[in-house]
Amino acid sequence: MQEGSVYPSLFSPFSIGRHTMKNRIVSLPVHTGFAHPDGRAGTWLVKFYTRLAKSGAGMVVVANVAVAEDGVVSKFNLRADRDKFLPGLSTLAKAIKKQGAIACLQLNHAGRFARTGRPLLPSPVSSSNLSFNVESLRRFMEFFPFEKRFYLTKYFFRQVKTWWQAMNTADRERVINDFADAALRSYQAGFDMVELHGANGYLLCQYLSSFTNQNIFKGSDAISNRASFPLAVLKAVKKKLPDDFPVGFRIILREWVPEGIELSEALLFAKDLEKAGAAYLSASVGTYNSIFSPDAVKTMAGKGYLEDDMKALTKEVGIPTIASGRITLPSIGERFIRNKAADLIGLGRALRADPKWLIKAIADEKKIKTCINCNRCLKNVVLEQGFVCNRWPKVLQERSHLEHMLLTRNYNTVWIITDIDDINRFKHCWSLIYPDRNQHAYPTLITLKAPKEDKPFDEACNEFIKWLRHRLDPLFFTNVPRNYTIWEDKTSWEDTLSIEILSEGYGRIFMASNPGEPWRERLLYKERKRVFSLLGDNENINRVIVPVDFSSATLLVMRFLSQGLMKKGHLEFTFVHVNADPSVQVGPQWEMFKKIADFDEKIPLEIINPVNGVVPSLVEIVHHQNFGTVIMGKRGLSGVKRWFMGSVSSGVLKQLTDQTLILID
């Protein structure tokens, strides 16, 4: 117990299986949307959960980790369905445990809500509940700005069209094995326990509910029959893990939909979970079909609104229970424990809104920043923009937005080679382009070849791969480089590469510059929301100039640099601003941009007073001061706007000679 605490129950230790929590606080799983598009745990996601663990919570549950590729609910969904995700998951587990918290990984399959062409569901959608789905969609749409509703409506109806085929026996067996295999990877990654996601209307919840599972007729055995699939998943998971490895379950107590799960059914299911060996039960209510209804909104706005239901659950089972439901203040959590409504107190958005919640509770401060129930976090995640809270400082909100934008840009690297000169250019630029060792992955090499034999080029490519491995293997890049050749006539290289970049989702693209082949520059401006580098052969490649225009594009560039290139100590950076209006004081803006981008506050900004315009001024300083690399942002103007207004980056590019240009869109 925390010495001197006015909340002795809340801050007393508690054991689950072989693990003892330092207090009764659990950081509940709240989906962040901060994984890379390929499912890996990125740096920002690790930092996000590190902050939660630093809050002092006894246990941190990592949210919504997909057990299969067809089970992701988001483009930015963390995954555990392949061994390639183990390094990132291991980093995540270590980061949480380093702060003294128990690390738990929540495993999920989104079922009918998954982003896939053929979602898995217990039974086809019926006419009886289709109308309710449509009505719930209408309420869901009202929750979002008008300009976003068309896209979301279109996406929803496209998904509904796929809800006509139920899972078969092979599907069920495969998903059961997917959960078990993902649980084993969680254990191998160093997590202390796992949690199965049986709420929010996802697959395990869909099986339990007669609203989404209409294969089972009503009767005394109906709930047992519908519970058979999630129970089979639990048993398979436990069989795959050591006997003393805890497996919890996120259980839904009320679904709030026609023929949906009621408390009485949930309590029967809870007892079955206990018998099957669940280590704890973490409670939730509502699904995406119901939480936007007026009655649900009113209920969920109340503080500690699940207290009565939690009392019923805790009384029914002999395993630990975790409460949720707007436990915004420590006094509410203390009351829950003392009144035996729950053994543990779950903080979801409350802990995100104020990471110092526990510190303030220990000191009995009244200034806890409570969640205001504005649902911006949910809106952002649904719109694939990443978790952001209105209660955060503006700097953190901006930085989080930038980090999410970089998830599709600062990953999945491809190097494009067309001839021996390109190979030499890559070797020359090695000090600038070598990968971050934290990625533990080689770039993909694409070799473009005309349909004719070229033995010297083939030999040079093989030697280049050996050269690359010689430099990366000592940095623990242990995987085999992915290298493939595209045989095409040279006239089609541009279109072929566009298709490859789009289909493979490459975020960072490296190619040698060649003024004699204008298709390279065209490709630079054709590819959107990526980082594109044209490599030059200037000897001063380590001298880097970064133009600053105080746009959102500049912020993205600065955050990109702080993630990687700024950490390379041998690179010399100069930040310049062409000040077209000398009366404008740019100093305060520069200081704010450095805070958002997490730059050293001592980094200076060079101010240039233009004589002949922005582009000539930038080009003059590049050549006059012998910069070998130029890094710029692209404002994202459409082709028509660029034609009318011009583009600073394209204007600079046309006047570069042997410099490297890195363009961040």
inquiry  = With side chain to side chain donor-acceptor pair (under 3.5 Å) as the rule and sequence neighbours excluded, what pairs involving residues 44-62 come up?
reply    = none

query = Is the backbone N or O of Asp549 less than 3.5 Å from a side-chain atom of Thr554, with the two atoms forming a donor-acceptor pair by type?
reply = yes

ask   = side chain to side chain donor-acceptor pair (under 3.5 Å): which pairs involve residues 99-112, sequence neighbours left out?
value = Asn64-Asn108, Asp70-His109, Gln106-Glu195, Arg112-Asn133, Arg112-Asn289

remark   = Output for pair (Gln385 CD, Met405 CE), nearest 0.5 Å, gives 10.0 Å

query = CD1/Ile501 to CD/Glu527 distance, rounded to the nearest 0.5 angstrom?
reply = 4.0 Å

query = Are any of the side-chain heavy atoms of Lys303 and Ile332 separated by less than 4.5 Å?
reply = yes

ask   = Lys595 versus Glu398: any side-chain heavy-atom pair under 4.5 Å?
value = no

Those residues that, when tested against Phe387, pass ring-ring contact (aromatic ring centres under 6.0 Å, His included) (two or more places apart) = Phe48, Trp392

ask   = How about Asn412 and Asp38: do any of their side-chain heavy atoms sit closer than 4.5 Å?
value = no

ask   = Can any side-chain N or O of Lys568 pair as donor or acceptor with the backbone N or O of Tyr434 at less than 3.5 Å?
value = yes

query = Is the shortest side-chain N to carboxylate O distance from Arg79 to Asp81 below 4.0 Å?
reply = yes

ask   = Under 4.5 Å between any side-chain heavy atoms of Ile16 and Ile319, yes or no?
value = no

task = Could you pull out all residues at least two apart from Arg559 that satisfy side-chain hydrogen bond (donor to acceptor under 3.5 Å, both in side chains)?
result = Glu403, Ser562

query = Phe249 and His197: ring pair (Phe, Tyr, Trp, His ring centres under 6.0 Å), yes or no, with the steps?
reply = CA-CA 6 Å; Phe249 197 93; His197 198 344; 8.9 Å; no

query = Taking the side chain as C-beta and beyond, is there a heavy-atom pair between Ile25 and Trp357 under 4.5 Å?
reply = yes

key: Presence of salt bridge, Lys634 and Asp665, under 4.0 angstrom   = yes

ask   = Is the NZ or CZ atom of Lys238 positioned over Phe245's six-membered ring, under 6.0 angstrom from the centre and within 45° of the axis?
value = no

query = Are Arg24 and Ser12 linked by a side-chain donor-acceptor pair shorter than 3.5 Å?
reply = yes

task = Would you give the length of the straight line joining atom SG of Cys371 to atom CG of Asn390, rounded to the nearest 0.5 angstrom?
result = 9.5 Å

query = Any side-chain heavy atom of Leu306 within less than 4.5 Å of one from Asp309?
reply = yes

Main-chain N/O of Gly33 paired to His404 side chain as donor or acceptor, under 3.5 Å = yes

Pairs touching residues 371-394 that satisfy salt bridge (charged side-chain N to carboxylate O under 4.0 Å, His left out), sequence neighbours left out = Arg115-Glu384

task = Start with the C-alpha distance between Thr287 and Glu255, add both sets of side-chain angles, then the distance that settles side-chain hydrogen bond (donor to acceptor under 3.5 Å, both in side chains), and finish with yes or no.
result = CA-CA 6 Å; Thr287 72; Glu255 195 175 3; 4.7 Å; no

task = Please name all residues satisfying side-chain hydrogen bond (donor to acceptor under 3.5 Å, both in side chains) with Thr299, sequence neighbours left out, ordered by chain then number.
result = none

message = Going by ring-ring contact (aromatic ring centres under 6.0 Å, His included), name the residues that satisfy it together with Trp256, two or more places apart in sequence or in a different chain.
response = none

ask   = Considering all heavy atoms of both residues, which atom of Phe34 and which atom of Gly386 are nearest to each other, and what is their separation?
value = CE2-CA, 3.9 Å

inquiry  = Are there over 12 heavy-atom neighbours, none belonging to Met592, within less than 6.0 Å of that residue's CE?
reply    = no

Nearest non-hydrogen partners of Ala283 and Leu253, listed with the distance = CB-CD1, 3.8 Å

inquiry  = With a sphere of 6.0 Å drawn around NZ of Lys594, does it hold more than 12 non-hydrogen atoms of other residues, nucleotides or ligands?
reply    = yes

message = So that I can tick it off, tell me whether Glu307 and Arg335 are bridged by a salt bridge, with the cut-off set at under 4.0 angstrom between side-chain N and carboxylate O.
response = yes

Under 3.5 Å: donor-acceptor pair, side chain of Asp178, backbone of Ala68 = no

remark   = Closest non-hydrogen contact found for Leu571 with Leu565 is CD1-O, 3.7 Å

key: Tyr7 vs Asp364, side-chain hydrogen bond (donor to acceptor under 3.5 Å, both in side chains): CA-CA, chis, key distance, verdict   = CA-CA 9 Å; Tyr7 305 110; Asp364 196 25; 3.0 Å; yes

query = Looking only at atom types and distance, does a side-chain atom of Asn23 sit under 3.5 Å from a main-chain N or O of Gly56, one as donor and one as acceptor?
reply = yes

inquiry  = Using 0.5 Å steps for rounding, measure from the CG atom of Leu556 to the NE2 atom of His401.
reply    = 8.0 Å

inquiry  = Within a 6.0 Å radius of atom OH on Tyr187, are there more than 12 heavy atoms belonging to other residues, nucleotides or ligands?
reply    = no

request  = Mind checking ring-ring contact (aromatic ring centres under 6.0 Å, His included) for Phe593 and listing every partner two or more places apart, or none if nothing turns up?
outcome  = Phe550

request  = List in chain and number order the residues that pass ring-ring contact (aromatic ring centres under 6.0 Å, His included) with Phe532, two or more places apart in sequence or in another chain; answer none if no residue qualifies.
outcome  = none

ask   = Looking at residues at least two apart in the chain, or sitting in another chain, which of them share a side-chain contact (heavy atoms from CB on, under 4.5 Å) with Ser284?
value = Ala199, Asn200, Arg250

query = Do Val531 and Ile509 come within less than 4.5 Å of each other through their side chains, counting heavy atoms only?
reply = no

Side-chain donor-acceptor distances from residues 344-351 under 3.5 Å, at least two apart:
{"from": "Arg349", "atom 1": "NH1", "to": "Asn375", "atom 2": "OD1", "distance (Å)": "2.5"}
{"from": "Arg349", "atom 1": "NH2", "to": "Asn373", "atom 2": "OD1", "distance (Å)": "3.0"}

Among Lys369, Lys367, Lys360, salt bridge (Lys or Arg N to Asp or Glu O under 4.0 Å) partner for Asp354 = Lys360

May I have the list of side-chain donor-acceptor pairs in residues 84-97 shorter than 3.5 Å, sequence neighbours left out?
{"from": "Thr91", "atom 1": "OG1", "to": "Pro87", "atom 2": "O", "distance (Å)": "3.0"}
{"from": "Lys97", "atom 1": "NZ", "to": "Gly190", "atom 2": "O", "distance (Å)": "2.7"}

task = Heavy atoms only: give me the nearest Leu196-Leu234 pair and the separation to one decimal.
result = CD1-CA, 3.7 Å

inquiry  = Determine whether a donor-acceptor pair (N or O, by modelled atom type, separation under 3.5 Å) exists between the side chain of Asp192 and the backbone of Ile102.
reply    = no

query = Does Arg508 reach the main-chain N or O of Asn410 with its side chain, forming a donor-acceptor pair under 3.5 Å?
reply = no

request  = With ring pair (Phe, Tyr, Trp, His ring centres under 6.0 Å) as the test, would you mind laying out the steps for Phe575 and Phe599 before giving the verdict?
outcome  = CA-CA 12 Å; Phe575 295 86; Phe599 267 34; 5.4 Å; yes

ask   = Side chain of Asn77, backbone of Val73: donor and acceptor closer than 3.5 Å?
value = yes

request  = Please tell me if the side chains of Leu28 and Ile322 come closer than 4.5 Å, counting only heavy atoms from C-beta onward.
outcome  = yes

ask   = Once you round to the nearest 0.5 Å, how far does CG of Leu52 lie from OG1 of Thr32?
value = 9.5 Å

query = Hey, what do you get for CG (Asp598) to CG (Leu396), rounding to the nearest 0.5 Å?
reply = 10.5 Å

